[in-house]
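Remarks on the structure that follows.
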Protein chains: 2
Amino acid sequence: MKENKSQFALLGLLADRAMSGYEIQKIINNSIGFFWQESFGQIYPNLKKMEEKGWAGSVQIEQEGRPDKKVFKITKSGREELAAWLKRPPEKFPLRLEILLKLFFGNHAKPEISIQHLESELSNEVKMLEVYKNIKKEIGKCSHESQNLYSLITLDYGIGLAEHNIAWCKKSIQKLKKELSK
Amino acid sequence: MKENKSQFALLGLLADRAMSGYEIQKIINNSIGFFWQESFGQIYPNLKKMEEKGWAGSVQIEQEGRPDKKVFKITKSGREELAAWLKRPPEKFPLRLEILLKLFFGNHAKPEISIQHLESELSNEVKMLEVYKNIKKEIGKCSHESQNLYSLITLDYGIGLAEHNIAWCKKSIQKLKKELSK
DNA sequence: GAGAACATGTAAGCGGTTACATGATTAT
DNA sequence: ATAATCATGTAACCGCTTACATGTTCTC
């Protein structure tokens with residue numbers, strides 16, 4: 001049987017503070033979004049299931065100048081489940097990098113196509129690296145490092161990955177261009 | 001509508017030579033397996049669908065000392081579909097790195113747990129790096145580089161990724177150990 | 001009035017894994 | 001015998017995206 005990992009992602013976020021489904025998605029998009037995505041089609045049904053299992057409780061909150069929202073709060077049982085999941089070794093797969101698949105089959109297309117994919121990836125990663133570095137600067141400014149140790153570790157992964165991607169794109173583009181000029 | 005990427009992966013492999021479903025999985029596991037996986041539950045039904053669409057044809061092959069096999073061969077129409085897919089820009093997502101998710105939530109577990117995940121990842125990546133480097137050496141020996149240009153590019157991705165992973169694991173383990181000793 | 005952001009959900013339908021089911025052949 | 005490898009498939013079941021559906025409030 002396969003583990004529903006979305007529920008643990010939601011649990012982990014709720015462990016920090018109570019949130020609505022809508023807020024959860026926003027938080028995901030600007031924190032773990034570069035290595036973990038969730039859609040509303042997953043978030044809302046899973047929050048419901050988590051509540052049924054007693055991992056979270058919800059309250060309707062009235063807001064001024066905004067629609068009501070349903071805020072979910074993790075329970076003791078939810079925290080225990082999260083802790084148990086954190087102890088289990090993470091799985092490496094599934095992993096599917098479509099750009100590598102297209103590159104791998106590059107001999108069945110014109111080299112210009114592979115170069116174009118690489119250049120697009122390169123410009124994208126350069127942008128992302130800039131974003132990550134700015135976030136890191138912000139974290140460094142406003143508080144003790146130890147409080148954000150785990151955010152910093154994952155952020156550093158993103159920075160290293162982007163740097164590797166950039167170097168690899170540049171190198172590969174050069175290889176392909178050299179091949180073109182032959 | 002979502003694209004069935006498995007079919008293009010299969011198409012790309014069949015573009016090099018005709019193969020059975022069983023052979024395809026073996027090829028995947030020791031070439032693109034580190035960034036792309038396929039299970040039999042995907043391979044066989046998809047080959048069938050591809051045949052129905054005219055992307056591939058199949059013949060039953062009798063073998064000596066082995067069970068019969070059904071070999072699939074790409075058609076002209078299949079090659080056209082592959083070429084058209086290769087031109088379309090690759091998508092970055094979905095991407096889900098479970099180890100990062102567990103690390104990100106590390107503050108809800110003992111630091112020892114995060115360290116253990118990192119050490120396990122580290123030893124695994126060290127092994128993988130060794131494997132990749134040996135493959136690269138083999139490729140370098142037996143033929144012209146240009147023939148394997150695209151394999152080399154994806155392999156270099158794997159090498160760079162493993163190196164980044166190793167550096168990141170080491171750095172993160174140190175950070176967490178320093179935190180422990182406080 | 002239009003558009004953007006806030007907010008919550010459901011339904012259809014494919015994607016994908018895991019387990020099941022079967023059987024041949026070889027090596028130990 | 002029995003385990004391993006070769007070989008092909010199906011079925012159940014959940015994962016997950018996309019599209020649909022609805023409604024509020026604020027800003028321009």
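Computed from a predicted model, the values in this text were never measured in an experiment. Just so we're on the same page: letters track the sequence lines, and every chain starts at 1.
- Taking the side chain of A:P67 as heavy atoms from C-beta on, and the options D:dT8, D:dT18, D:dT24, the nearest nucleotide is D:dT24.
- For the pair A:K92 and B:E125, the salt-bridge criterion is met [side-chain N within less than 4.0 Å of a carboxylate O].
- Using a cutoff of 4.0 Å between basic side-chain nitrogens and carboxylate oxygens, B:E119 and B:K177 are scored as salt-bridged.
- Across all strands, A:G65 comes closer than 4.0 Å only to sugar-phosphate atoms, never to a base (heavy-atom distances).
- Closest to the side chain of B:R96, from the set C:dG16, D:dC16, C:dA7, is D:dC16.
- Considering only side-chain atoms of B:K70, the nucleotide from D:dG15, D:dG9, C:dA5 that sits closest is D:dG9.
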A:F34 and A:Y132: CA distance, side-chain angles, deciding distance, ring pair (Phe, Tyr, Trp, His ring centres under 6.0 Å) verdict: CA-CA 10 Å; A:F34 76 92; A:Y132 297 150; 5.0 Å; yes

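- Closest to the side chain of B:R66, from the set D:dC6, C:dG15, C:dT17, is D:dC6.
- The nearest heavy atom of DNA chain D to A:S39 and to A:E64 marks one nucleotide each, and the one closer to the 5' end goes with A:S39.
- Along DNA chain C, the nucleotide nearest to B:F40 and the one nearest to A:P45 differ in position, and the one closer to the 5' end is contacted by A:P45.
- Between the C1' atom of C:dG9 and the CZ atom of A:F72 lies a distance of 11 Å, rounded to the nearest Å.
- Taking atom CD of A:Q37 as the reference point, atom C1' of D:dT18 lies 15 Å away to the nearest angstrom.
- Considering only side-chain N and O atoms, A:Q63 lies under 4.0 angstrom from the phosphate OP1 or OP2 of C:dA7.
- Residue A:E38 is classed as having no contact, given no heavy-atom separation below 4.0 Å to the nucleic acid.
- Here B:Y44 reaches the OP1 or OP2 of D:dT8: one of its side-chain N or O atoms lies under 4.0 Å away.
- To the nearest angstrom, P of C:dT8 lies 8 Å from NZ of A:K69.
- Ring geometry, A:W55 versus A:F8: the interplanar angle falls from 30° to 60°, so the pair is classed tilted.
- Taking only side-chain atoms of A:K2, from C-beta outward, the nucleotide of C:dT8, C:dT17, D:dT17 with the closest atom is C:dT17.
- Between D:dC16 and A:S6, a contact under 4.0 Å exists linking OP1 or OP2 to a side-chain N or O.
- Taking every side-chain heavy atom of A:K26 into account, C:dC6 is the closest of D:dT17, C:dG15, C:dC6.
- Not one side-chain nitrogen or oxygen of A:N4 sits closer than 4.0 Å to the OP1 or OP2 atom of D:dC14.
- Straight-line distance from the CD atom of A:E62 to the C1' atom of C:dC6: 16 Å, rounded to whole Å.
- We find that CD1 of A:I28 is positioned 14 Å from C1' of D:dC16, with the value rounded to whole Å.
- To the nearest angstrom, C1' of C:dG16 lies 13 Å from CD of A:Q42.
- Note: CG (B:N29) to P (D:dC6) measures 12 Å, nearest angstrom.
- D:dT24 atom P lies 20 Å from atom CD1 of A:I61, rounded to whole Å.
- Between D:dT10, D:dT8, C:dT17, one nucleotide has an atom nearer to the side chain of B:K48 than all others, and that is D:dT10.
- B:N46 places a side-chain N or O within 3.5 Å of a backbone atom of B:Q42 that can act as its donor or acceptor partner.
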B:S20 vs B:E23, side chain to side chain donor-acceptor pair (under 3.5 Å): CA-CA, chis, key distance, verdict: CA-CA 5 Å; B:S20 69; B:E23 286 174 287; 3.2 Å; yes

